[in-house]
Amino acid sequence: MLTSAQLVTIDQVRQALSLVEDPEIHRPLTELDMVGAITIEPGGAIGVQILLTVAACPLRERITSDIRAAILAIEGTTTVTIEFGVMTDEQRTALRKKVSGDEPSIPFAQPGSSTRVYCVVSGKGGVGKSSVTVNLAAALAARNLRVGILDADIHGHSIPAMLGLRAGPTQVDRMLMPPSAHGIKVISMGMFVDNNEPVVWRGPMLHRALRQFLTDVFWGDLDVLLVDLPPGTGDIAISLAQMLPTAELLVVTTPQHTAAQIAERAGAVAAQTKQHVVGVIENMSWYDAPDGTRRTPFGAGGGTLVSQRLSDRLSADCPLLGRIPFDPEFSAASDHGSPIVLSAPKSPAATVFHDIARALTPAPRGLVGVRLTVTPR
Ligand code: ADP
């Protein structure tokens, strides 16, 4: 009769490990050269050595449970012992090249990229641009889309706090693995400055930082990338338009006509950069008073005005995508690190965000030209 030790082979263990993906890179551990020695003891005790990219890998527990489950599924296995090691610099460089190639490039600017990039812009600060970005991201993620946010509001970065994100990126060679919150991958200048220090960089340095966020961050396969731009029509908007020529603009305004005029200017940059304005979002539009009347403390009509004027200027339809009510819960939600779409999912504001997310959801990807990973059984 065969003993269990004779039943399990190294090939079987490797095969099982080829079904376990690195949770950040989404490629099999075997393909990423993360599997070291494999031992098989009499009685079916399996030992594997796993090389992590960094010692303090935040996903160590997840990798452990995935490996255990995969190996225990092999008939004849009794126990699994995992010994973790750390890659050498050379191994990390090899992994980075395997994942992102030799030359740094911007994945979203490649001809085959199917990621929709929306740059969220406003004329002036305080109109709710960052609040709109995080809530829209949460509403898009709720539609099972893979969503990332690049906080390019380098002087006024607030996205990590709004999402309750305290972790920074993990570095593998020169590749940065972005942390996630609520299923949204995030990179922000706020993650690279200590103690909320002000960022005093000027044009060329900002350009370089942004480029690095686009080339060196491992975003993976995203459906949508939202870029939160600083208010106005400055250097960063122009730099981004050069780096991401297919990015579309989303203009945020309040109903106030003076705010709308400034927002129109931010949107009109699209005429120079040849970008498409996908639509306008009006924020802080109204609230329902306890007596049942609808109040408009910030005036009315700003969103419609920006939509009409931009449509005329750009000779293209720039629709008003939605009017988000004023809701004190916004500040409370962002103070608690949770967008209102998640903390008050049935609120009128959340409903508008879901409607906008539906309008901005990319068409399902076809399978033509997509490499299918088929695992032989
Ligand atoms: P910006 O990015 O345009 O500077 P923020 O998103 O930081 O603006 O918003 C500014 C302030 O307004 C924040 O305190 C935010 O919580 C609040 N806010 C944004 N939108 C709303 C809203 N619809 N109702 C109530 N408060 C809001």
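Ligands are counted one by one from 1 in listed order, and the atoms in each one are counted from 1 as well.
- Both the sub-6.0 Å distance and the 45° axial angle are not jointly satisfied by Arg294 relative to the ring of Tyr287.
- In this structure, of Ser131, Ala332, Gly126, Gly123, the residue bringing a heavy atom nearest to atom 5 (P) of ligand 1 is Ser131.
- Atom numbering of ligand 1 starts at 1 in the shown order; those under 4.0 Å from a heavy atom of Ser331 are 14 (O), 16 (O).
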Item checked: Steps toward side-chain contact (heavy atoms from CB on, under 4.5 Å) verdict (Ile50, Glu83) -> CA-CA 6 Å; Ile50 297 295; Glu83 187 198 319; over 6 Å; no
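- Geometrically, ligand 1 and Val127 share a nitrogen or oxygen pair separated by less than 3.5 Å.
- With hydrogens and angles left out, the side-chain atoms of Gln91 and Thr88 include a donor and acceptor closer than 3.5 Å.
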Note to self: Between Asp22 and Arg27, is the salt bridge (Lys or Arg N to Asp or Glu O under 4.0 Å) condition met? List the steps.
What the structure shows: CA-CA 6 Å; Asp22 176 274; Arg27 295 240 208 122; over 6 Å; no
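- Atoms of ligand 1 found under 4.0 Å from any heavy atom of Lys129, numbered from 1 in the order shown, are 1 (P), 2 (O), 3 (O), 6 (O), 8 (O).
- With respect to atom 7 (O) of ligand 1, the closest heavy atom belonging to the protein is Met162 CE, 3.7 Å.
- Checked by atom type, the side-chain pair Thr254/Asn283 shows no donor-acceptor distance below 3.5 Å.
- The closest protein non-hydrogen atom to atom 8 (O) of ligand 1 is Gly128 N, 3.0 Å.
- Atom 25 (C) of ligand 1 has its closest protein heavy atom at Asp327 O, 3.1 Å.
- The protein heavy atom nearest to atom 20 (N) of ligand 1 is Asn283 ND2, 2.9 Å.
- Within the 4.0 Å cut-off (strictly below), a protein heavy atom is located near atom 15 (C) of ligand 1.
- In this structure, Arg60 and Leu52 have side chains that are in contact, with non-hydrogen atoms separated by less than 4.5 Å.
- Remark: the Arg62 side chain and the Thr64 side chain contain no N/O donor-acceptor pair separated by less than 3.5 Å.
- Residues His157 and Ser188 have side chains that never bring a donor and an acceptor to within less than 3.5 angstrom of each other.
- There is no side-chain donor-acceptor pair under 3.5 Å between Thr258 and Gln261.
- Ligand 1 has no N or O atom lying under 3.5 Å from any N or O atom of Ser122, backbone or side chain.
- The presence of a protein heavy atom under 4.0 Å from atom 11 (C) of ligand 1 is ruled out.
- The pair Asp11-Arg14 fails the salt-bridge criterion, with no side-chain N (NZ, NE, NH1 or NH2) lying under 4.0 Å from an Asp/Glu carboxylate O.
- Using a 4.0 Å cut-off between heavy atoms, Asp228 makes no contact with ligand 1 at all.
- At a heavy-atom distance under 4.0 Å, only backbone atoms of Pro325 (N, CA, C or O) approach ligand 1.
- Protein heavy atom closest to atom 18 (N) of ligand 1, with residue, atom name and distance, is Met284 CE, 3.7 Å.
- Across the listed options Tyr287, Trp286, Phe330, Phe330 owns the non-hydrogen atom lying nearest to atom 22 (C) of ligand 1.
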